[in-house]
Amino acid sequence: MVKKYVYGNPIETNAVVSQIEQEEGSVQYLSEIEINDKIIFNYAMESDDIVYGLGEANRGMNKRGGLYRSFCSDEPYQTEEKQSLYGAHNFIVVTGMISVGFFIDCASEVKFDIGYTSSDMLNIEPGCKDFTLYIIEGKSAYDIVKQFRELIGRSYIAPKWAFGYQQSRWSYMNEDEIREVVQKHRESGIPLDAVYLDIDYMDGYKDFTVSEERFPNFPEFVKEMREQGIRLVPIIDAGVKIEEGYEIYEEGKQYQLFCKKADGSDFVAGVWPGRTHFPDFMNTNARMWFGSKYKVLIDSGIEGFWNDMNEPAMFFTEEGIQEVKAYLDNFDFNTNEPGKFFELKDKVLSLSNSMKDYCSFYHNMDGNIVRHDQVHNLYGANMTRAAGEAFNQIAPDRRILLFSRSSYIGSHRWGGIWTGDNQSWWSHLLLNIKMMPSLNMCGYLYSGADLGGFGANCTRDLLMRWLGFGIFTPLMRNHAAEGTRRQECYNLGDTEDFRNIISIRYSLIPYLYSEYMKSCLNNDMMFKPLSFEYPTDNFARTVEDQLLVGESIMIAPIYEQNAVGRYVYLPEDMLLVVFKSSSIRRYQIMKKGMHYISATINEVPLFVRKNKLLPLCRTTQCTDNMDTSMFEIIAYTDDNIEYLMYEDDGISKDYDNPDNMVSFEVKAVDGILGAVSSKTIVKLSLF
Ligand code: MIG
């Protein structure tokens with residue numbers, strides 16, 4: 001049951017797809033106070049209520065105890081106190097004796113105080129008075145999430161190859177460096193499906209150009225890679241370089257497709273290419289124009305993209321520099337006050353992503369002129385939309401991989417997201433684990449974090465444990481920043497263990513893809529907190545570091561350095577499978593309750609739920625060679641069980657074809673369990 005309350009005159013965000021009648025009376029569940037020019041909502045929480053949601057947000061799965069601010073931010077230092085990350089996902093569910101969901105559909109910032117100021121008080125503060133509030137009632141948190149997902153529409157569907165292992169690094173400079181990455185993976189038998197092109201593939205960081213010096217024959221190179229089973233995935237940045245004669249710049253200027261300053265001139269911000277203009281993604285023509293530009297790369301054989309810097313991130317503006325300059329000119333360098341020096345330092349650092357700059361440019365929303373800060377959270381989402389809509393024109397019959405850094409709910413229909421610049425910290429592996437279900441709640445199914453961590457130097461053990469979790473996330477990409485330690489597997493010591501861990505992924509792809517597709521098609525979650533499946537289990541409610549992945553398995557990743565195992569809570573009897581590689585495993589039936597399980601650095605444990613079934617295929621070097629005609633089935637059962645596997649060609653869009661469902665059944669025939677399936681089952685391991 002969804003109730004909709006409209007405040008003021010909200011800007012269209014396109015988050016919601018269902019038609020919902022507007023409620024007339026006053027809101028239920030929340031009390032509402034008006035202070036100055038703001039409306040603040042309060043909700044009194046019970047002491048054991050859990051608050052889920054907020055998508056890409058910091059801290060735990062249960063958001064209680066923290067302050068959060070939805071304001072898409074370029075935040076590479078995600079320490080515990082940070083309130084804003086790259087996405088803005090204003091959906092929460094409070095669940096305890098009763099469950100209720102709130103979605104604040106608001107184009108400007110929204111603050112959430114979830115038991116921070118006062119432990120039992122939730123308060124929500126939209127940054128303006130024009131927004132829509134949705135209240136969702138349901139019998140459980142899970143039920144509310146599913147209703148919400150229906151409200152916001154079907155999630156973007158990625159191609160199947162995007163479930164392969166992908167390698168990225170900011171600083172692959174030319175063809176040869178990329179060839180080397182591929183060759184080293186192939187040589188050491190580490191499976192690989194894609195290599196990313198970060199900003200250095202471009203000519204002077206100009207969008208939709210390719211450096212001729214470093215990639216002399218790009219289409220030929222794309223083909224060469226493709227023949228080795230590798231897709232190249234180029235980055236597209238939001239800012240367009242100001243350069244006479246550069247087509248995108250000239251067109252944008254001529255047709256008025258860039259964001260503008262109050263005086264009507266095109267807004268200028270410094271990003272990677274130096275001075276740039278920002279395409280006005282809030283404008284339909286600008287979206288269509290920018291989107292159409294992806295064609296040049298698609299025509300070169302490219303099948304996927306990542307959109308970056310679209311919060312939008314800005315290093316500086318001319319105005320900001322002038323201000324700092326004036327400040328420095330007047331600065332008394334003979335001062336003895338330390339406070340003054342801190343002020344000076346802050347002043348210089350505040351050049352980037354400054355609120356003042358965000359308040360200094362305007363969008364033309366199809367005739368309606370809006371200041372950027374009022375629609376800040378929609379900017380990246382509309383860049384994703386620009387690309388997604390264009391792909392439907394350019395390649396209507398096939399899927400193009402697309403994911404973005406910045407996002408607002410609604411963009412989940414056009415692309416996935418990666419979670420931006422994390423660090424090579426153990427705490428960020430845990431953050432990755434906790435964030436996955438929250439992302440799913442908000443519609444982001446094709447998602448993942450930079451495995452191994454983006455900033456800082458990764459270590460062998462951290463990458464191994466991170467991959468031990470990453471083998472379950474749809475986007476499985478190792479990515480690192482320029483200047484950090486090389487973190488391709490083959491640069492972190494002996495490759496055998498890495499090869500083994502990634503081989504597990506490739507044997508799981510049919511299952512993971514199937515669960516992903518079913519989640520997309522049914523507006524469901526692929527990663528669930530335990531409480532969503534075991535709602536009456538009070539202990540399961542408190543578990544934050546174990547997840548259900550699809551219908552058959554539970555995972556309990558190890559995320560602490562030097563740990564050789566961990567405690568795991570089993571909400572029912574399950575089968576523990578510890579993988580050393582796709583084919584080397586040990587099994588143990590475990591009873592409901594708390595257990596310590598051992599798993600050395602090169603082992604990955606997972607749990608098969610009772611009377612569920614896990615199909616595995618033979619591992620491969622890339623998804624092109626995946627053989628899904630034969631399966632091995634692992635199940636822990638005392639009954640007839642069935643698993644419906646979704647399988648399609650992974651590239652066309654005939655999603656709802658009933659032929660895409662293949663069934664596996666384990667049946668008791670004359671007291672002996674056997675398998676029945678339209679697929680060949682080469683091995684049946686029943687426990
Ligand atoms: O200012 O393109 O989050 O993944 O490698 C940094 C370089 C710009 C930020 C992205 C990161 C990417 C990097 N970009």
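Please read all numbers here as calculations on a predicted model, not as lab measurements. Atoms within a ligand are numbered from 1 in the order they appear, just like the ligands themselves.
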Q: If you draw the axis of the six-membered ring of Tyr362, does the NZ or CZ of Lys260 fall within 45° of it and under 6.0 Å from the ring centre?
A: no

Q: Note the single closest protein heavy atom to atom 2 (O) of ligand 1, along with its residue, its atom name and the distance in Å.
A: Asp198 OD1, 2.5 Å

Q: Does Arg169 make a cation-pi contact with Tyr172, if we ask for NZ or CZ under 6.0 Å from the ring centre and within 45° of the axis?
A: no

Q: Kindly indicate whether a cation-pi arrangement holds for Lys293 with Phe208, taking the cut-offs as under 6.0 Å to the six-membered ring centre and within 45° of the axis.
A: no

Q: Determine the sole option in Glu56, His89, Glu311 for which the side chain to side chain donor-acceptor pair (under 3.5 Å) test with Ser407 is passed.
A: His89

Q: What's the shortest distance from atom 6 (C) of ligand 1 to any protein heavy atom, and which residue and atom give it?
A: Trp272 NE1, 3.6 Å

Q: Among protein heavy atoms, which sits nearest to atom 14 (N) of ligand 1, and what does the distance come to when rounded to 0.1 Å?
A: Asp308 OD2, 2.8 Å

Q: Take a 6.0 Å sphere around CZ of Arg226 and say whether it holds more than 12 heavy atoms from other residues, nucleotides or ligands.
A: yes

Q: Taking only heavy atoms of Arg405, which atoms of ligand 1 are found under 4.0 Å from at least one of them?
A: 3 (O), 9 (C), 10 (C)

Q: Using a 4.0 Å heavy-atom cut-off, say whether Ile235 meets ligand 1 through its side chain, its backbone, both or neither.
A: side chain

Q: Inspect the surroundings of CD in Glu187 and state if more than 12 heavy atoms from other residues, nucleotides or ligands are less than 6.0 Å away.
A: yes

Q: Show the atoms of ligand 1 that are less than 4.0 angstrom away from any heavy atom in Met309.
A: 1 (O), 8 (C)

Q: Would you kindly specify which portion of Glu482 sits under 4.0 Å from ligand 1, judged on non-hydrogen atoms: side chain, backbone, both or neither?
A: neither

Q: Does the ring centre of Phe215 sit less than 6.0 Å away from the ring centre of Tyr201?
A: no

Q: Under a 4.0 angstrom heavy-atom cut-off, which atoms of ligand 1 come close to Trp306?
A: 4 (O)

Q: If the cut-off is 4.0 Å to any non-hydrogen atom of Trp418, which atoms of ligand 1 fall inside it?
A: 3 (O), 4 (O), 10 (C)

Q: Tell me: protein heavy atom nearest atom 3 (O) of ligand 1, and distance?
A: Asp421 OD1, 2.4 Å

Q: Considering only non-hydrogen protein atoms, determine which one is nearest to atom 4 (O) of ligand 1 and report residue, atom name and distance to 0.1 Å.
A: His479 NE2, 2.9 Å

Q: Answer with side chain, backbone, both or neither: which part of Tyr196 has a heavy atom less than 4.0 angstrom from an atom of ligand 1?
A: neither

Q: Do Lys206 and Tyr246 form a cation-pi contact, if we require the NZ or CZ to be under 6.0 Å from the six-membered ring centre and within 45 degrees of the ring's axis?
A: yes

Q: Trp418 ring centre to Arg477 NZ or CZ under 6.0 Å, with the angle to the axis within 45°?
A: yes

Q: Taking only heavy atoms of Ile199, which atoms of ligand 1 are found under 4.0 Å from at least one of them?
A: 2 (O)

